Amino acid sequence: MKTAKQKSRTKIKTRAAPKNVEASVPYRKPALRSEAFARALTDAKGCVDDRESLQALFSEAAKKAAAVPREPFKECWPYLQTMLRLVHAHHRGEYGQIPNDALLWIVAALNYLIDPFDLIPDKTPFLGFVDDAAVIEFVVDRTRQTLDEFMMWETVGERTVL
């Protein structure tokens, strides 16, 4: 009498996905996948090499930053202020040690900040600046070394006109 072979069942171990995938993968944040952010990046490419556009962006972003509530920005608030100072110093020709890709990201973040019709319109009570803060936080993470180097340059006083 023949015995039937039993198929061995091997357990396949699967890794559980992180519970908060949204927070662990920055591009999954809706603001970073939005048309408004894509538009901010496109506008940044045209603005980076245009001194007048950089000056206009700095002025408008500085006014906006002065008017927005700080709460949504949490610990990124000082870095937002640093972004503004860096763009202004770069525009004036005082600081040129910024990599092009870092400047592009920073200009894109400021473009997104000043856009009143981004993913969550700024006039939306309680939530209007949450998406702006998410974009600023993302860009700070991408350009932290550049921003820290700029702050060191400011502090040490290595200011020389280029």
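Small disclaimer: the values here were computed from a predicted structure and weren't measured.
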State whether the number of non-hydrogen atoms from other residues, nucleotides or ligands found under 6.0 Å of Arg51 atom CZ is greater than 12.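 Counting other residues, nucleotides and ligands, CZ of Arg51 exceeds 12 neighbours.
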How many angstroms lie between [atom1] in [X] and [atom2] in [Y], if you round to the nearest 0.5 Å?
X	Y	atom1	atom2	answer
Asp43	Asp115	CG	CG	8.5 Å
Thr143	Phe138	OG1	CZ	10.0 Å
Met151	Arg144	CE	CZ	8.5 Å
Leu84	Lys63	CG	NZ	13.0 Å
Leu147	Ile98	CG	CD1	7.5 Å
Asp141	Cys76	CG	SG	6.5 Å

Which atom pair, heavy atoms only, marks the closest approach of [X] to [Y]?
X	Y	result
Ala109	Val139	CB-CG2, 3.7 Å
Ala108	Ala44	N-CB, 3.6 Å
Thr146	Pro99	OG1-CD, 3.8 Å
Ile114	Leu57	CD1-CD1, 3.7 Å
Ala40	Asn111	O-ND2, 3.4 Å
His90	Gly96	ND1-CA, 4.3 Å

Distance under 6.0 Å and angle within 45° of the ring axis: does Arg85 meet both against Phe150?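 The answer is no, since Arg85 fails at least one limit relative to Phe150.
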With side-chain contact (heavy atoms from CB on, under 4.5 Å) as the criterion, how do Val87 and Leu54 come out once you've worked through the C-alpha distance, each side chain's angles and the decisive distance to 0.1 Å? CA-CA 7 Å; Val87 167; Leu54 268 180; 3.9 Å; yes
Side chain to side chain contact (heavy atoms under 4.5 Å, CB included) involving Val68 - partner list, sequence neighbours excluded: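 Expected list: Lys64, Phe73, Trp77, Phe129.
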Could you work out, with side chain to side chain contact (heavy atoms under 4.5 Å, CB included) as the rule, every residue matching Thr42, not counting sequence neighbours?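 Partners of Thr42 by the side chain to side chain contact (heavy atoms under 4.5 Å, CB included) criterion come out as none, since no residue qualifies.
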Quick one: are Leu110 and Leu80 in side-chain contact, heavy atoms under 4.5 Å?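 They are in contact (side-chain heavy atoms under 4.5 Å apart), so the answer is yes.
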Within a strict 4.5 Å, meaning less than it, do heavy atoms of the Asp148 and Tyr79 side chains meet?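 The answer is yes, as the side chains (C-beta and beyond) meet within the 4.5 Å cut-off.
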All pairs passing side chain to side chain donor-acceptor pair (under 3.5 Å) where residues 123-135 contributes a residue, at least two apart: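 Of all non-adjacent pairs touching residues 123-135, those that pass side chain to side chain donor-acceptor pair (under 3.5 Å) are Tyr112-Asp131.
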